[in-house]
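These notes concern the structure reproduced below.
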Number of protein chains: 2
Amino acid sequence: MILDERKRHILESVIKDYVATAEPVGSRAVVRKHALNISAATVRNEMADLEEMGYLEQPHTSAGRIPSEKGFRYYVDCMMENENPSDEQIEVLHKILEDSIQEWNDVVQGIGHFLSQVTNYASFIIVPSVKFSQFQSLQLIPIQEGQALVLVVTDIGIIMHRKIAIPRSIKARDLQAIGDLFNRAFRGKRLSEVQRSDLQLLRDELKNRRQVIDKSLEALDNLLDSPHDEKVVISGALNILKEPEFKDMDKLRRILTLFEEDGPLKGILPEQIKEGVDIRIGQENQAEDIKEMSLVFAGYRTAGEMGKIGLIGPVRMEYWKAAGTVESVRRIIDDLMNSSGSDPKLFKK
Amino acid sequence: MILDERKRHILESVIKDYVATAEPVGSRAVVRKHALNISAATVRNEMADLEEMGYLEQPHTSAGRIPSEKGFRYYVDCMMENENPSDEQIEVLHKILEDSIQEWNDVVQGIGHFLSQVTNYASFIIVPSVKFSQFQSLQLIPIQEGQALVLVVTDIGIIMHRKIAIPRSIKARDLQAIGDLFNRAFRGKRLSEVQRSDLQLLRDELKNRRQVIDKSLEALDNLLDSPHDEKVVISGALNILKEPEFKDMDKLRRILTLFEEDGPLKGILPEQIKEGVDIRIGQENQAEDIKEMSLVFAGYRTAGEMGKIGLIGPVRMEYWKAAGTVESVRRIIDDLMNSSGSDPKLFKK
DNA sequence: ATTAGCACTCAATCCAGGAGAGTGCTAACA
DNA sequence: TGTTAGCACTCTCCTGGATTGAGTGCTAAT
């Protein structure tokens, strides 16, 4: 569907105004703020057309118009220009990342904060499951009498650990030997490929150190299952309190509940995700719970797997700013992850 | 101040009703629900007395009465009997703890969930700073070419780690040697006693392995400073959305902001905390931000230090249930921590 | 000391009327 | 034929008065 220049201009005016004020915008307001040299009456005619085409709608007959979801969609697809964060803001983000380097958790936290602070929307980051990254090494480390630590390192440098109890007769040397065995068996495999059958095999092979092996396997098994798969970090959830559309307690509660636990959020994003910025407006969302909200998200690539970052806001969202910010941040993460650059970056390949 | 039996009964009725309904309660309601054989008029007279004494108050002349904070205080101090969680609920908690054993994080999470779920209030747990527990051991572990992991274990079994870059010439054997040195220097000290001067000393002593030592020290130093001190876990924050007193957005925002970050919450609790359950009602709280809320909290003892658990709710709170639950959970935590019992409990001394 | 009865108070609810913002339509105009 | 000015119309929101109802305080009787 092609709109002529004037209609596009009017649609844009309505969107910008409505996003800023959350109030329906009338014909007068459009001519006043965006001084075209046409009269309010003309604008009214055009707006009537736009309404018929489905890009605008009226809450009731004697109110102004608000953009429909289709209107937003048209704007996003055909007219929008991303608004990137300012250089100072980018600078700030780089600073945050430098400060928190080495610590994966801090990095993610920092990015989340940044996203939500700059845009004033709730942000989320989904870190891909470690199951899909490669097993790098396993170590068994004595930490005190009768206890050892199972330490697993993946190729992208994520560290997981679990304590196990061991018989007192086992010495540090034995532990090391057992660890080496694991490494020979598994090195380079993806964690998802480490099947239980493999584990069983190993177990059989080492009857004499049964107990430690069993415990280690159990711990490893446990780690593979554990909540490390697809870690979700949410930031700035309270930003939605600012939006007038959520003054209703029930709505508010439903939305915030989404954020309180990690599970639900995963469900609302598409399984497959492309690398660029993607936008889902209101009803376009599959999940029932967020059909009155919009998503702006993107995938980032890390060690071969896709992670996701994005923003959640009302349908009346500053898509240009959201998309610009998400895209910028995505680029920065990609750089960080995949640079085989000069000085020590976060993760080496 | 001593109240006669009838006044006490009436005060209790008003409190119970008001807590349940959030509405002022009138004289008729009192006689109807708590069938005394006195008339509404008599109750009115008594309520007028109670109001004069400051235990009740009237939102406006033609409404019922609501308990004042002083009224709640009197009830809590002189009349209340704790309502403990049911046996089934306790059972559930034990189950949760067993399932998540070995993993400190899961335990805390589990307890938090339990507290907030059973009571319908927001719960918090403050885990005492690791600075005050003892250094147990430090290990340097090679994880890949040019990278090593600094692993610190404290006496209560908390594991902290940080990655550092190391020169490629350093071999696993060297790392081990360096780790041993650290251990000899620090073993058994409280982390808070590991002064920078000690670190400096060590550094001087080991000129030849300067680079690794420096990096390790930096990491250690970093760990000592890091957010591990007084970890705060909040659960069920959204429960306060249910309370009608927070239908006001601004209030709601202020309160939820307290929960979104860990910092503020520490500020609202007294520094020193006794072992039993303590209750702060509304204005009794020091911190400005929660003068319209109540706290029910207790300290638990772990490896010599005090941790804190508790609930945050409206002044119109089911103190009996809150106090009973907090006390029960406190006992269970204490058992868990300090049992040198038969089967493997969470942390051994 | 207790109680029944009654007048009084005050928030909440409802309803009508007016103001205001904005529209749609028509007729005039370029 | 597209644009504009003007006007009647619609609908929400606000305001103010009347009504309702729960609950009190007081008084007089028990």
Side-chain angles (χ1 to χ4, degrees), chain A residues 2-11 13-18 20-68 71 244-245 247-248, chain B residues 3-11 13-18 20-68 71 244-245 247-248 316:
Chain A
I2 289 176
L3 296 183
D4 65 50
E5 192 51 42
R6 198 166 66 186
K7 282 200 176 56
R8 287 162 64 96
H9 197 147
I10 290 174
L11 177 58
S13 302
V14 172
I15 287 180
K16 292 270 168 153
D17 258 37
Y18 177 64
T21 64
E23 306 266 295
V25 0
S27 51
R28 262 186 71 81
V30 171
V31 296
R32 194 156 7 94
K33 296 217 187 144
H34 306 270
L36 317 189
N37 25 4
I38 51 178
S39 77
T42 312
V43 173
R44 275 202 290 281
N45 289 332
E46 295 286 44
M47 295 208 316
D49 291 352
L50 282 167
E51 182 171 1
E52 189 152 7
M53 290 185 257
Y55 296 118
L56 294 181
E57 49 195 32
Q58 264 183 316
H60 53 267
T61 55
S62 77
R65 303 299 208 296
I66 65 175
S68 67
E245 31 268 273
K247 65 187 186 322
D248 173 38
Chain B
L3 296 184
D4 65 51
E5 193 51 41
R6 197 165 65 186
K7 284 201 175 57
R8 287 161 66 96
H9 197 147
I10 290 173
L11 177 58
S13 302
V14 172
I15 287 180
K16 293 269 168 151
D17 258 37
Y18 177 65
T21 64
E23 306 265 295
V25 0
S27 52
R28 261 186 71 83
V30 172
V31 296
R32 193 156 7 94
K33 297 215 186 142
H34 306 271
L36 316 189
N37 25 3
I38 51 177
S39 76
T42 311
V43 173
R44 275 203 289 282
N45 289 332
E46 295 285 44
M47 295 209 314
D49 291 352
L50 283 167
E51 181 171 1
E52 189 153 6
M53 289 185 258
Y55 296 116
L56 295 180
E57 49 196 33
Q58 264 183 315
H60 52 268
T61 56
S62 77
R65 303 299 208 296
I66 66 176
S68 66
E245 30 268 272
K247 63 188 188 321
D248 174 37
R316 181 186 60 78

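This one's a predicted model, so the numbers in the text were calculated from it and none came from an experiment.
- Rounded to an integer number of Å, the gap from NE2 of A:His60 to P of D:dC11 is 9 Å.
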Protein heavy-atom contacts under 4.0 Å, written 5' to 3' over nucleotides 15-30 of chain C as B (base), S (sugar-phosphate only) or - (none), form the string ------BSBB------
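- Taking the side chain as every heavy atom from C-beta outward, A:Glu23 and A:Pro244 never approach each other to under 4.5 Å.
- Around CZ of A:Arg8, the count of heavy atoms belonging to other residues, nucleotides or ligands within 6.0 Å exceeds 12.
- Atom CD1 of B:Ile38 and atom P of D:dT30 are 22 Å apart (whole Å).
- A donor-acceptor pair under 3.5 Å links the side-chain atoms of B:Ser68 to the main chain of B:Gly54, judged by distance alone.
- The OH-C1' distance, from B:Tyr18 to D:dG23, rounds to 17 Å in whole Å.
- Taking atom CD of residue A:Glu23 and atom P of nucleotide D:dC13, one finds them 10 Å apart after rounding to whole Å.
- Residues B:Val43 and B:Ile10 meet the side-chain proximity criterion, which asks for heavy atoms closer than 4.5 Å.
- With A:Leu56 as reference, A:Leu11 is the one residue of A:Leu11, A:Val25, A:Ile66 to meet the side-chain contact (heavy atoms from CB on, under 4.5 Å) rule.
- Between A:Thr42 and A:Val31 the shortest side-chain heavy-atom distance does not fall below 4.5 Å.
- Between its two ends, the helix from C:dA1-D:dT30 to C:dA30-D:dT1 turns its axis by 10°, counting five pairs per end and rounding to 10 degrees.
- The heavy-atom pair separating B:Val14 from B:Met47 by the smallest distance is CG2-SD, 4.2 Å.
- Counting heavy atoms from C-beta outward, A:Lys7 and A:Met53 have side chains that approach closer than 4.5 Å.
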